[in-house]
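Counting begins at 1 with the first residue of the sequence.
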Amino acid sequence: MEKKIVGVFWAVAFFSAVLGGCDKNVPSDRQDITAPEIAETTEIIETSAATQATADDTTEPTTKVQSDFDFEKIVESTYICGQKLSYPLTWGQLGENFSLDSEVAYASFNYIYCYLNYMGQYLGVITFKDCKSVAQITENTQISSIDISDSHMEEFDVPKISVNGITFHDTHEDLYEALGDSYEISKYAGDISYSGVKYAEKYSFSFSATGEDELTSVSISFN
């Protein structure tokens, strides 16, 4: 996990460098992706990884029972742009409407971070494990994490993500009702995480919200 966190910080630096020096290589349909948006996207990854790595120090369990959260069931009730997920999540599951932007990718240790597109439109950031380049990614490559925010929702004809019926701009109460009470809240960021271990792998669903109590980002992590 320590290696992944280091990779995350390199990824943040990489995406910042992309903004500064590679505008001419970015396709025209990426021109509306602003610096704040990319910073927000990479911050999601950083927050998610940091939350997992320091769970004992930075989170407060709201319940002593963690087994109430059925991770596999929730994965199978999660949809990304209408595409149903299943465990374990692999690149081939997402289908032909999804693509990777090989021009905006960064490899660190055994992880690679890429822009994820849906129908050619920027959707979020996706991470693969045991890969050092986009060329190594196949339909059987396991996805390590997906981070999606509520930005540019009007440009999508389907919900960007739905987790057991929960989607962007729903409230904390909606979230608790849909996913249960086995969550943790980050002391510093205020993110809400449902995490645990299944099949010897760590997992988490993390949600961020605005001050108006509307969910604005979702991070799914499999490690």
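- Taking CG of D157 as the reference point, atom CD of E155 lies at 11.5 Å (rounded to 0.5 Å).
- Across every non-hydrogen atom of D147 and S219, the tightest pair is OD1-OG, 2.7 Å.
- We find the NE2-OG1 distance between H169 and T216 to be 7.0 Å, quoted to the nearest 0.5 Å.
- Atom CD of E154 is surrounded by more than 12 heavy atoms from other residues, nucleotides or ligands within 6.0 Å.
- Annotation: side chain of D191 is not in contact with side chain of F207 (no heavy-atom distance under 4.5 Å).
- Y115 is listed as a side-chain neighbour of V125, based on a closest heavy-atom distance under 4.5 Å.
- Around atom CD of E177, no more than 12 heavy atoms belonging to other residues, nucleotides or ligands sit under 6.0 Å away.
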Quick one: side chains of residues 78-85, donor-acceptor pairs under 3.5 Å with protein atoms, not counting sequence neighbours, listed by atom name and distance.
| residue | atom | partner | partner atom | Å |
| --- | --- | --- | --- | --- |
| T78 | OG1 | I74 | O | 2.7 |
| Q83 | NE2 | Q93 | O | 3.2 |
| K84 | NZ | E76 | O | 2.9 |

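- Using modelled atom types and a 3.5 Å distance limit, the side chains of D170 and T167 yield no donor-acceptor pair.
- Under a hydrophobic-cluster definition in which Ile, Leu, Val, Met, Phe, Trp and Tyr are linked whenever side-chain heavy atoms come within less than 4.5 Å, directly or via other members, V197 and Y183 are assigned to different clusters.
- Checked by atom type and distance alone, the side chain of K160 pairs as donor or acceptor with a backbone atom of S151 at under 3.5 Å.
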Between I220 and L89, is a side-chain contact (heavy atoms from CB on, under 4.5 Å) present by the stated rule, with each step listed?
CA-CA 10 Å; I220 308 173; L89 184 59; 5.7 Å; no
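- Ring centroids of Y111 and F128 are separated by 6.0 Å or more, keeping the two rings apart.
- Using a 4.5 Å cut-off on side-chain heavy atoms (C-beta onward), E214 and F168 make no contact.
- Counting non-hydrogen atoms of other residues, nucleotides and ligands closer than 6.0 Å to CE of M119 gives a total of 12 or fewer.
- Here CD1 of I192 is found 6.5 Å from CG of L215. Values are rounded to the nearest 0.5 Å.
- Side-chain contact between Y122 and H152 is absent, with no heavy atoms from C-beta onward closer than 4.5 Å.
- Between the side chains of N140 and T90, no donor N or O sits under 3.5 Å from an acceptor N or O.
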S206 and S193: CA distance, side-chain angles, deciding distance, side chain to side chain donor-acceptor pair (under 3.5 Å) verdict
CA-CA 4 Å; S206 297; S193 297; 3.0 Å; yes
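- At a cut-off of 3.5 Å, with distance as the only test, no side-chain donor of E173 or T171 sits close to an acceptor on the other residue.
- Side chains of S145 and S221: a donor-acceptor N/O pair is absent below 3.5 angstrom, by distance only.
- Taking the six-membered ring where the residue is Trp, the centroids of Y87 and F71 are separated by under 6.0 Å.
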Could you check L94 against I143 for side-chain contact (heavy atoms from CB on, under 4.5 Å), going step by step and ending with a plain yes or no?
CA-CA 10 Å; L94 292 183; I143 295 172; 4.2 Å; yes
I'd like to know whether S195 forms a side chain to side chain donor-acceptor pair (under 3.5 Å) with S204, so could you lay out the CA-CA distance, the side-chain angles of the two residues, the decisive distance to 0.1 Å, and finally the verdict.
CA-CA 4 Å; S195 59; S204 71; over 6 Å; no
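- Residues I112 and C131 approach most closely at CG2-CB, 3.7 Å, considering heavy atoms.
- With a 4.5 Å cut-off on side-chain heavy atoms, V163 and F205 count as touching.
- Annotation for V134 and A105: closest pair CG2-CB, 3.9 Å, computed over non-hydrogen atoms.
- Between F222 and Y203, the ring center distance fails the sub-6.0 Å criterion.
- In this structure the side chain of Y113 never reaches within 4.5 angstrom of the side chain of V104, judged on heavy atoms.
- Ring to ring, Y194 and F69 are close: their centroids are under 6.0 angstrom apart.
- Of all the heavy atoms in L123 and I148, the pair that sits closest is O-CG2, 3.8 Å.
- The shortest non-hydrogen separation linking S86 to V75 is C-CG1, 3.7 Å.
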